[in-house]
Protein chains: 2
Amino acid sequence: MPVTIRQISEAAGVSVATVSRALNGSDHPVNAETQKRILEIAQKLGYHPNHIARSLRTDRSPIIGIICDDITSAFTTKIVRGVQDRLKEDGYFCVVINTDWDPASEQRAIQDLTGYLIEGIIFAETVHQSASDELKLNDKKCVFVHRLFPKGFPNSVIPDELYGSRLAVNHLIQLGHKRIGYLNGPEQFYSSEERFLGYKTMLEDSGIAFDPTLVANGDFGTEQGYVAASQLLDLPEPPTAIFAANDLMAIGTIYAAQDRGLRIPDDLALVGYDNQYISTISRPSLTTVSLPCFEMGRASAELLLALLNDEAADSQEIKVKGELLIRESCGAARDPQPAPRMPSRVDRLNLFRDQNNGKG
Amino acid sequence: MPVTIRQISEAAGVSVATVSRALNGSDHPVNAETQKRILEIAQKLGYHPNHIARSLRTDRSPIIGIICDDITSAFTTKIVRGVQDRLKEDGYFCVVINTDWDPASEQRAIQDLTGYLIEGIIFAETVHQSASDELKLNDKKCVFVHRLFPKGFPNSVIPDELYGSRLAVNHLIQLGHKRIGYLNGPEQFYSSEERFLGYKTMLEDSGIAFDPTLVANGDFGTEQGYVAASQLLDLPEPPTAIFAANDLMAIGTIYAAQDRGLRIPDDLALVGYDNQYISTISRPSLTTVSLPCFEMGRASAELLLALLNDEAADSQEIKVKGELLIRESCGAARDPQPAPRMPSRVDRLNLFRDQNNGKG
DNA sequence: ATGAAAGCGCTAACAA
DNA sequence: TTGTTAGCGCTTTCAT
């Protein structure tokens, strides 16, 4: 059986109240000696606080819920990780629930979570159709972090797609390109819209007329990227550079260029978006704009924390900026760069083993 | 304020005990009429059980903990997802904690989790050095699911690497190859050992002598794959096929072949391992053996559930088999296959939107 | 078939 | 500075 404060109080010859105060560093004064003794006994007995009992009493809980469509997505994973890291600093744990894009699951998840007296919910990349209704009933604090929807959602954290897109296009312009093609993403995504807008406005701001024939539509997939890029490359007067709305379509562009005997970056400069892992090991490696998932996760955790402490007014919308990562495909890299390594399990494991002398 | 069973009892004019029985479908007899009435009232009032209070009373909890090194890894994510899906069927939630390969974090995580009266812990791809000690103190049920360590760990779920490796090598042999090169992974991994063993034994079982000059060492990374493959391809008598111990090294092999003007699969057959996403969009797409992460997750959840219900003897070790996925790189694909699409957010979102008539 | 009451481990108001 | 005690919401034993 786990040890309780009652056992500690008996061992120390004090009341449970004193034990509780000593253990929690309460405001209530406790004799330093006694406290030290209690702490030692707790240590010796291997005491761990029963969070359940504490929660029932205090009506607070160290758990926050993360609801996402599918944690298997590389984007979602990073967001979740960002959330967890930030929340951990304040002693919170995260329950992660997948809804598989199913509003009923989402609703169910919200009910379950609120039943567990969680402190708040972060919706990470969910369609959150059902969210609003259900949440009005319960008065849980919640934050939305995503990249899918039209802006303007209260308490949300989104990437600054416009900024990132302009970053990419400006880079190509600075490299001297005037005919810059664009591979557009699917219409229904906010990210598509914004990236496209960034492309157009950056061109115009630089005095380059927007030319619709240099835009081809894709669906964020590699094959459609291939098709769309082919369309532009087969133009009578093809672009000298292509900005693909995401990395996968950029990969398709690499293949399309290969099939036409075009070298990247020599004959065609290429920039992607998202900084997916593949952009680091493709050939050539992709210059791209990072989608700052990790930072978005942190930001949303921060926002939730503020909400929980009533430090933040509601209805905020936070935009997080990504950065331009210059690799081989745009032709601007000074040296042939070694492709960044995968965040390596091997390295970390070796480090761990070295530190622990092979005991692992 | 959330509604409690007391409020329901008052509304229904019965005692809280009756309400509790009615709500939980208790063994204790309850009048059918009364029960129906109570259920209706609960529904109307929007009652959700307070899991915290219930847990404190019953000493049980609907939460299990997942401890992993880093949920950001594509492998870990799938394992976690498998666990969550299975556990959800039995009404459990999962708290996910990352340790970043740090034994102190792991120990801390265990303490925190046991303090929360979780039912059990699944260690997903953790070094779990500290685990054993800490867990002896607490008597929580736990399961280890991983692909890193020597076999024989109690209550663990691991992939059947030997089987998978033999699958791959046998496939190349069936295609008529006799000189099959092997790109080995780093020594310290169990998966490296087993995959290498599978390579050797399958050759021998087929009457092909093992030739050490056809083996080159890598570190599971793309660049080292390039280097190792180059070594084999530059041999006086190079192999006609290469089996890379993982997909990333197979990607390196593609690049090495490219640089030598070798076509895959025409001049060189290639098989990878892991079925990472990149194997579906590489050019050529990779024939590979799947690492059944999702299934491993499910299996470990299943094992934990059995443990919790005392249905399983301890000290089990479950091996999960992957399968051979035939794509372009081995030359066996009958038709030029379209690369499988990424599990597409777009598709799913569209499906969701269609179903919901654009309300999303 | 229903109710009264104890108590899970903890915190905090009140008393000393 | 310490102790006593009530009670968080729920389940369950015992009594009716």
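In what follows, chains are A, B, ... by sequence order, proteins preceding strands, each numbered from 1.
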Across the strands shown, which category fits A/Asn50 at heavy-atom distances under 4.0 angstrom: base, sugar-phosphate, nothing? sugar-phosphate
**Prompt:** Reckon A/Tyr47 has a side-chain N or O less than 4.0 Å from the OP1 or OP2 of C/dC10?
**Reply:** yes
Check: A/Ser61 main-chain N/O paired with A/Glu119 side-chain donor or acceptor under 3.5 Å = yes
(message) For a side chain to side chain contact (heavy atoms under 4.5 Å, CB included) check, start with the C-alpha distance between B/Ser9 and B/Ser15, then their side-chain angles and the critical distance, and finish with the verdict.
(response) CA-CA 5 Å; B/Ser9 78; B/Ser15 74; 5.8 Å; no
Give a yes/no answer on whether the side chain of A/Thr18 brings an N or O atom under 4.0 Å of OP1 or OP2 in D/dT2.
-> no
Going through the distances and angles, do B/Arg37 and B/Glu33 end up as a salt bridge (charged side-chain N to carboxylate O under 4.0 Å, His left out)?
CA-CA 6 Å; B/Arg37 193 156 44 91; B/Glu33 287 276 302; over 6 Å; no
A/Leu56 atom CG is separated from D/dC10 atom P, nearest whole Å, by 9 Å
In numerical order, the residues of residues 20-42 of chain B whose heavy atoms come under 4.0 Å of DNA chain D are B/Ser20, B/Arg21, B/Asn24, B/His28
Residues at least two apart in sequence or cross-chain that pass salt bridge (charged side-chain N to carboxylate O under 4.0 Å, His left out) with A/Arg81, listed by chain then number, are A/Asp85, B/Asp70, B/Asp100
Quick note, side chain to side chain donor-acceptor pair (under 3.5 Å) partners involving residues 301-312 of chain B, not counting sequence neighbours, are B/Arg86-B/Glu302
Between CD1 of B/Ile5 and C1' of D/dT12 the distance, given in whole Å, is 11 Å
Rounded to whole Å, CZ of A/Arg6 lies from P of D/dT4 at a distance of 10 Å
note: A/Asp59, atom CG; C/dA12, atom C1'; distance rounded to Å ~ 14 Å
Side-chain contact check for B/Ala53: nearest option of D/dG9, D/dT12, C/dG9 is D/dG9
Whole-Å distance, A/Arg60 CZ to D/dG7 P, equals 23 Å
Rounded to whole Å, NE2 of A/His48 lies from C1' of C/dG9 at a distance of 16 Å
### Message
Looking only at the side chains, is there a donor atom on one of B/Asp69 and B/Thr126 sitting less than 3.5 Å from an acceptor on the other?
### Response
no
